[in-house]
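Below you'll find the structure, written out as structure tokens, and then a few comments.
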Amino acid sequence: MSISIIRGSLIECDTEVIVNAANARLRGGGGIDGVIHAKAGPNLLLELQRLAKGWSEPGDVIVTGGHALPYKYIFHAVGPIWRGGEAGEPEALARCYRESIAHAVRLGVKSIGFCSISTGVYGYPLALAAPIALQTVNKALSGTVGSVERAVFAMFGAEEFRVFSETAESVL
């Protein structure tokens, strides 16, 4: 099992599955969520509407097909909006990563690509999100007898890449 951090877009990950930083309405939005929806095509939204019934809670992960993207599945993880850290945000963020690994194991996936969930417009501080993401994935992969052999964290921005890389050195 390996965890790596790369500089680049999540939709360019060489993995079987990607984990989208989705909003609660699961309709596409800004950042990577909007890019995934645009590249996957309109059937993605139709599938999400059918599966999610319109609204999901922070920490929920909805599984869809890859549609026009080259992935077996897209996992849509609804991250928490940062409200100062006292409104259950750390637990909800960890659940996004934990549930994504659980779905990957259930589906027999060997590789999974993550972005930095909730650190864009949802305002979760990178320095607090990175250790949660990396430790949760590491623990889930270490404690799981399953198929996942490789997790990749694709960081589009230079600051995301720096923070995740430095954090990985100290927590993995």
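In what follows, every heavy atom counts, from backbone to side chain, and hydrogens, waters and symmetry copies are set aside. Counting from 1, the numbers follow the sequence of the chain as shown.
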Evaluate His103 against Val61 for side chain to side chain contact (heavy atoms under 4.5 Å, CB included), listing each step before the verdict. CA-CA 9 Å; His103 284 301; Val61 178; 3.7 Å; yes
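- In terms of modelled atom types and a separation under 3.5 Å, the side chain of Tyr97 and the main chain of Ile117 share a donor-acceptor contact.
- Within the 4.5 Å cutoff, no side-chain heavy atoms of Phe156 are placed close to those of Leu10.
- Tyr124 and Ile81 fall into different hydrophobic clusters, defined by Ile, Leu, Val, Met, Phe, Trp and Tyr side-chain heavy atoms under 4.5 Å apart, directly or through other members.
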Please report the C-alpha distance between Arg27 and Leu48 in whole Å, then the side-chain angles of each, then the deciding distance to 0.1 Å, and finally whether the side chain to side chain contact (heavy atoms under 4.5 Å, CB included) criterion is met.
CA-CA 8 Å; Arg27 295 182 186 234; Leu48 281 167; over 6 Å; no
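- Proximity of a side-chain donor or acceptor of Asp33 to a complementary backbone N or O of Gly30 within less than 3.5 Å is not detected.
- Here the straight-line distance linking atom CD of Glu16 with atom NZ of Lys110 works out to 7.0 Å at 0.5 Å rounding.
- Nearest heavy-atom pair, Ala168 versus Leu134, reported as atom, atom and distance to 0.1 Å: N-CD1, 3.6 Å.
- Counting heavy atoms from C-beta on, the side chains of Tyr71 and Thr64 never come closer than 4.5 Å.
- Summarising the geometry of Leu126 relative to Val163, their closest heavy-atom pair is O-CG1, 3.7 Å, with the distance given to 0.1 Å.
- Formation of a donor-acceptor pair under 3.5 Å by the Arg98 side chain with backbone atoms of Thr136 is not found in this model.
- Clustering ILVMFWY residues whenever any of their side-chain heavy atoms sit less than 4.5 angstrom apart, transitively, puts Leu51 in a cluster other than the one holding Leu46.
- Tyr122 places no side-chain N or O within 3.5 Å of a backbone atom of Ala21 that could act as its donor or acceptor partner.
- The side-chain heavy atoms of Leu141 and Ile3, taken from C-beta on, include a pair separated by under 4.5 Å.
- The line from NE2 of His67 to NE2 of His37 is 9.5 Å long, rounded to the nearest 0.5 Å.
- Between Cys13 and Val152, the closest heavy-atom pair is SG-CG1, 3.9 Å.
- At distances below 3.5 Å, at least one donor-acceptor pair connects side-chain atoms of Ser147 with backbone N or O atoms of Val109.
- Val148 and Leu172 fall within a single hydrophobic cluster, where Ile, Leu, Val, Met, Phe, Trp and Tyr are joined by side-chain heavy atoms under 4.5 Å apart, directly or via other members.
- What you find for Gly65 and Leu44 is that their closest heavy atoms are O-CD1, 4.4 Å.
- Looking at Glu160, its side chain never comes within 3.5 Å of a backbone N or O of Met155 through a donor-acceptor pair.
- Using a 4.5 Å cut-off between side-chain heavy atoms of Ile, Leu, Val, Met, Phe, Trp and Tyr, with links allowed through other members, Ile6 and Phe153 fall into different hydrophobic clusters.
- Taking CD1 from Ile5 and CD from Glu169, the interatomic distance works out to 8.5 Å, rounded to the nearest 0.5 Å.
- Looking at Glu99, its side chain never comes within 3.5 Å of a backbone N or O of Asp60 through a donor-acceptor pair.
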Test Val78 against Leu26 for side chain to side chain contact (heavy atoms under 4.5 Å, CB included), laying out the working first.
CA-CA 8 Å; Val78 180; Leu26 300 168; 4.0 Å; yes
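- Judged purely by atom type and a 3.5 angstrom limit, Ser165 has no side-chain atom pairing as donor or acceptor with the backbone of Arg162.
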Side chain to side chain contact (heavy atoms under 4.5 Å, CB included) evaluation trace for Phe114 with Val137 = CA-CA 10 Å; Phe114 291 98; Val137 168; 3.9 Å; yes
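- Here the side chain of Glu89 pairs a donor or acceptor atom with the backbone of Gly85 at under 3.5 angstrom.
- Here the side chain of Asn20 pairs no donor or acceptor atom with the backbone of Ile74 at under 3.5 angstrom.
- Pro80 and Pro58 make their closest contact through CA-CB, 3.9 Å (heavy atoms, listed as atom of the first residue, atom of the second, distance).
- The distance from the OG atom of Ser111 to the CD1 atom of Ile18 is 11.5 Å, given to the nearest 0.5 Å.
- Ile36 contributes atom CD1, which lies 4.5 Å from atom CD1 of Ile32 (distance to the nearest 0.5 angstrom).
- The nearest pair of heavy atoms linking Ser100 to Ile112 is O-CD1, 3.9 Å.
- Linking Ile, Leu, Val, Met, Phe, Trp and Tyr residues whenever their side-chain heavy atoms come within less than 4.5 Å places Val17 and Met1 in a single cluster.
- The OG atom of Ser116 lies 13.5 Å from the CZ atom of Phe161; values are rounded to the nearest 0.5 Å.
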